[in-house]
Every structure is written in structure tokens, then in C-alpha cells.
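Here is the structure we will look at, set down as C-alpha cells.
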Amino acid sequence: MEEISLKEVLKATGGILKQKEKTKEMERSVRGVSIDSRTIKPGEVFVAIKGPHFDGHQFVEEALSKRASAAIVSQESLKKIESSRPIVVVKDTLAALQELARYYRKKFNLTVIAVTGTNGKTTTKEMIATVLSPKYKTLKSEGNLNNQYGIPLTLFNLSPAYQICVLEMGMSALGEIAQLCELALPSIGVITNIAEAHLEFLKNIDNIARAKAELLHALPAKGFAILNADDKRVMAKAKETKAKIITFGIKQKAEVKVKQISEESFQTIFLLEDDTEILLSLLGRHNIYNALAAIATAKVLGITTKEVTETLQNFKPAKLRMEHTFLSGIEIINDAYNANPTSMKLALEVLSNLPSKGRKIAVLGDMLELGPQSQTYHKEIGKFISSLKFSLLLTVGQEAKYISEEALKHGMKKTSVWHFSQNKEAVEFLKDFLVEKDLVLVKGSRKMRLEEIIEDLKVISEKVRNH
């Protein structure tokens, strides 16, 4: 972060200093922003965020003891804090964090690219940053910093050196993407697809489409909307933007279109209409769409398809997203980062289509935040998986039991379907069941933490090897 003064912090947030304002104090330098007292660095301002399960106000004094330049706190919590260092008092600390991010973002003249969609956001964001980096100094949001906290924290990493900023924008309610766009001011927006997710909060697919379209509304007339031509819901929203539309796809007519696909084991090769051949070391046809979105974005910024071939060929997936690993001769596809009905079916199709000399095994956890329709969606997965002829289906969690029940109802053998309440139980079963050359898919919603199954199996494998 470029240094700003405490005076600027007060201006951006509308905050008031607890102690008497002194000229020297007002010019105090702020060299960063943090919401975590454990990792705060000297010179950073600490913003005490209050969430449903935590309250940053409990750690203000710790942050200041680590030489934070100041702390931003709410009026209602002020009485509990004792410190001689600068305290900025605001009505709402989250709003203050966002207003400060908006103020800081406006200091820079650069291109901001916002990526949203039900599936593929992270991979598409990573691909876009990868293909742009050889030509442009590019900042990207890291990990899951895609929400009301993460986007501001990413924006604070801007500096005059950056020409491009690529942001993933997630949401679980209407209005959230619009709010994030007000902070980031994107001029290029990418929508990967629109499908069922977060129904617990959004109720129906129409609201999901409305929420994603908030990105389109935020784009300027001179901006660009990069849209999936094969997704009817995405294209139905295209008329709601003033930006120029650039499409990508496999089936429908598009500016960036595939005309031929071949899948070889753990590689996907596709040919564009301009005869450029792209090789992806990634699993699944859905990753072609992610690559096409990146290619279309690069095209808008003056990078040819031929120039992106090498960078895409060397692209590696983010952690827990269709990661291909080996464990004592067993192949594992670790897709445990998250799950919804669409992404679950896509992952199962990948498992079904992959060549294997051993058995194919699906380990599936709950798909969360699906609201009243959760049982129905889990049953759909059970019916779907029954037609794929896997050797074994393991389900873990309260909702995932409906996957098992429906798979049995549609013809899977009782000896091939097992349900467990906890990850540990699944591990105990798998450690005695798995044999060399088995191919295993592990997938579930983030809160299920199914990667723990793989980690526990690694530990067991190491102990056996060492003995």
C-alpha cells in the first residue's frame, strides 16, 4: 500500500479521533490496513470488524501494542478500549473499511477486471491474471478474498506500478456485487455462468441471475462485458449493460469460439476458430469455458490468442480445485473447495470419462446453502450418479445421505453405497478398502472440509510406509 495520512483516513471514513486532534497526529503515516491483530504489521491501521462469530474490538489493544498506526472502532465499543495511540471512531467499522478502500482505489488509474459467476470464478480469475501478466503488471485477489472484507483488503495492495487488477467477486445476497463494484470501479466484467447456489439466501435462480447482473450494471459504456454465449441466463442479462459485449463459447456463435475438442487422460486440447490450438493440463470440459473467458479478456486488452497458448499450457489449478494427486498408487481428484448441483455433476462427469485401470470411487459431501430445495438437489445427484456405474459411492454429512438413498433407489448395489456422518468415519472405511490403481473423486461444500479425508489417508499411508 502507498502511504496515506491519518487525516486521509478520517476524511474517507468520516471518523473522529478519540483524543484531541493535533497537527502532528493528523499527518501520521498509514502504510497498510489490517483486520487481523495476529498478522498486523507496524504502521498499518487496524479495523475492528464485528462478525457473527467474532469481534475485532477485543483485539484492538493487541494490535496497537504491535505498533499499529491507529485503530478504527465503533462508537458503541469505544468505552472498552484504553490506549494512548490514535483511535478513529466510526458508526460502522465494516462500512469504514469499505469507504477507505473506495477512497484508496480512486488514487489509481488502472484497469479493474471483475469476475463473477456460480462456478469457475477462481479458476477464471487465475487464468486471466496468468495470461495478462507477461504484458501487464497485474494484481489479483488471493485465495477467497472475494467478499465485503476481501475486496477492500485486495484494493489496499494497489500501487502505481500496477496496470491491471483482477478481482473475483462472490456473493450470497442481492446488492453485494453492486456494493463491491462501487469500491472497485471495474471497466471489464466477466460472468462465467449462472446456476443454482446460495438458494438459502437468494431463494431462486432468477434472484441469482439478478445478483450476477449487478456487475453488468456497474460497467461503464466504454467498458467490456465478457459473457458465456452458451449460458442462456447470462445472455438474457446482456441487454442490461451499456458496455460492449464480447462472447465466448463452445456451442453457440461467439467472438471466441471452440471448433474442436479432444480430451486425453489428464489433458484437454481444443482448437479455436482462428485455428489456434490450446492445451490445458486441467481436468474437465468446464475448464475450457474458463480458458475461453481468459482468452476473450486478453483479446480485449490487445493480447492475441497465439500469445496466450504457452501461459495457459503451464497453468496449474488453485488448491482443492480438481487437483490431481497420487497416494500410494491411488489417483485422487481433490475438488473439495466447494460444491453446488452444477459443479457436482461436472466433477462426476470428469470422473466418469477419465480412463482408469482400477475402480472409480466418488466421495461426496453435503452441498450447503441450498435452502428448502436442498433435499431435492441432493436426490438429483443420487439419481445422476446411479447412471455412471462407479464401483463405490461414499457420502458424508446430513444432506448427502439423500444422495446415497436415491442412488440405491435407482439401482446401485447396497454393497457399493455407504453413508457416514463424519469425515473420520469415511477415512476408517477407505483405509481398508482402497487398493492400488483406484481413482477417487473427493468433492463437497467448503464447510464439510473433505480435504481432511485425503490428509488423514496420507498420514496413515506414511505410517504404514515407515513401518
Side-chain angles (χ1 to χ4, degrees), residues 1-6 8-10 12-13 15 18 28-74 77-78 80-90 92-105 107-108 122 125-126 129 137-162 165-170 180 183-184 318-321 337-338 446-447 449 451-452 455:
M1 180 181 183
E2 292 289 295
E3 285 190 6
I4 60 175
S5 68
L6 185 56
E8 288 181 279
V9 172
L10 293 169
T13 63
K18 177 184 175 182
R28 179 186 288 262
S29 293
V30 172
R31 296 193 291 272
V33 179
S34 174
I35 62 173
D36 190 339
S37 63
R38 296 168 298 181
T39 58
I40 195 166
K41 300 174 183 176
E44 292 183 335
V45 62
F46 177 70
V47 185
I49 298 295
K50 187 175 183 179
H53 306 296
F54 62 90
D55 187 352
H57 292 88
Q58 298 175 2
F59 308 102
V60 169
E61 292 176 21
E62 177 189 346
L64 292 174
S65 72
K66 294 180 178 179
R67 296 169 58 201
S69 60
I72 298 177
V73 306
S74 66
S77 303
L78 181 59
K80 305 174 185 177
I81 299 166
E82 293 295 334
S83 176
S84 60
R85 297 182 72 81
I87 301 292
V88 178
V89 185
V90 298
D92 183 326
T93 53
L94 175 57
L97 176 74
Q98 294 171 343
E99 288 301 323
L100 185 56
R102 187 206 308 264
Y103 174 87
Y104 187 73
R105 156 66 181 95
K107 286 177 170 286
F108 304 97
T122 301
K125 177 257 298 182
E126 293 290 333
K137 177 68 173 176
T138 303
L139 174 69
K140 65 178 180 178
S141 52
E142 298 293 343
N144 61 350
L145 294 180
N146 66 0
N147 59 12
Q148 56 189 342
Y149 310 112
I151 294 296
L153 293 174
T154 299
L155 292 174
F156 291 128
N157 289 324
L158 287 172
S159 75
Y162 288 111
C165 179
V166 189
L167 300 172
E168 175 185 339
M169 289 190 175
L180 295 177
L183 310 182
K319 191 175 181 182
L320 308 183
R321 293 171 175 89
Y337 185 78
N338 219 335
R446 182 83 295 270
K447 289 182 181 178
R449 300 188 63 82
E451 69 275 11
E452 292 175 350
E455 293 303 316

Query raised in the report: Is any side-chain heavy atom of Phe156 less than 4.5 Å from a side-chain heavy atom of Leu100?
Result: yes
Query raised in the report: Would you say Tyr149's side chain and Leu97's backbone share a donor-acceptor pair under 3.5 angstrom?
Result: no
Query raised in the report: Would you say Ser74 and His57 make side-chain contact, with heavy atoms under 4.5 Å?
Result: yes
Report summary line: Scanning both residues in full, the closest heavy-atom pair of Pro86 with Leu6 reads CB-CD2, 3.9 Å
Requested in this report: Go through the structure and list residues passing side chain to side chain donor-acceptor pair (under 3.5 Å) with Ser141, not counting sequence neighbours.
Outcome: none
Query raised in the report: Taking C-beta and beyond as the side chain, do Leu64 and Ile87 meet within less than 4.5 Å on heavy atoms?
Result: yes
**Report entry** Short side-chain to backbone donor-acceptor contact, Gln98 and Ala95, under 3.5 Å
**Finding:** no
Query raised in the report: Which is it for Lys107 and Ile4 under the side chain to side chain contact (heavy atoms under 4.5 Å, CB included) test, yes or no, and what are the steps along the way?
Result: CA-CA 11 Å; Lys107 286 177 170 286; Ile4 60 175; 3.7 Å; yes
Tell me which donor-acceptor pairs under 3.5 Å the side chains of residues 39-52 have, and how far apart each pair is, sequence neighbours excluded?
residue: Glu44; atom: OE1; partner: Lys41; partner atom: N; Å: 3.0

Query raised in the report: Any side-chain heavy-atom pair from Asn146 and Met169 closer than 4.5 angstrom?
Result: no
Query raised in the report: Roughly how far apart are Leu167 CG and Leu155 CG, rounded to 0.5 Å?
Result: 5.5 Å
Query raised in the report: When rounded to the nearest 0.5 angstrom, what is the spacing between OG in Ser159 and NZ in Lys137?
Result: 7.0 Å
**Report entry** Test side chain to side chain donor-acceptor pair (under 3.5 Å) applied to Arg446 - qualifying residues, sequence neighbours left out
**Finding:** Glu451
**Report entry** Counterpart residues, ring pair (Phe, Tyr, Trp, His ring centres under 6.0 Å), relative to Phe59 (two or more places apart)
**Finding:** none
Query raised in the report: For Glu126, which residues count as a side chain to side chain donor-acceptor pair (under 3.5 Å) partner, sequence neighbours excluded?
Result: Lys140
Query - Shortest non-hydrogen contact between Ser69 and Ser29, atoms and distance - result: CB-O, 3.5 Å
Query raised in the report: Do the side chains of Arg105 and Leu183 get nearer than 4.5 Å, heavy atoms only?
Result: no
Requested in this report: For atom NZ of Lys319, decide whether the heavy atoms of other residues, nucleotides or ligands shown that lie under 6.0 angstrom number more than 12.
Outcome: no
Query - Donor on one side chain, acceptor on other, Glu168 and Thr122, under 3.5 Å - result: yes
Query raised in the report: Which value, rounded to the nearest 0.5 Å, describes the distance between Glu8 atom CD and Thr13 atom OG1?
Result: 11.5 Å
Report task. Give, for atom CG of Leu139 and atom OG1 of Thr154, the distance between the pair rounded to the nearest 0.5 Å. Result -> 6.5 Å
**Report entry** Arg85 side chain to Ala68 backbone, donor-acceptor under 3.5 Å
**Finding:** yes
Report summary line: So CG of Asp92 and CD1 of Ile72: to nearest 0.5 Å the spacing works out to 11.5 Å
Query - Partners passing salt bridge (Lys or Arg N to Asp or Glu O under 4.0 Å) against Glu3 (at least two apart in sequence or in another chain) - result: none
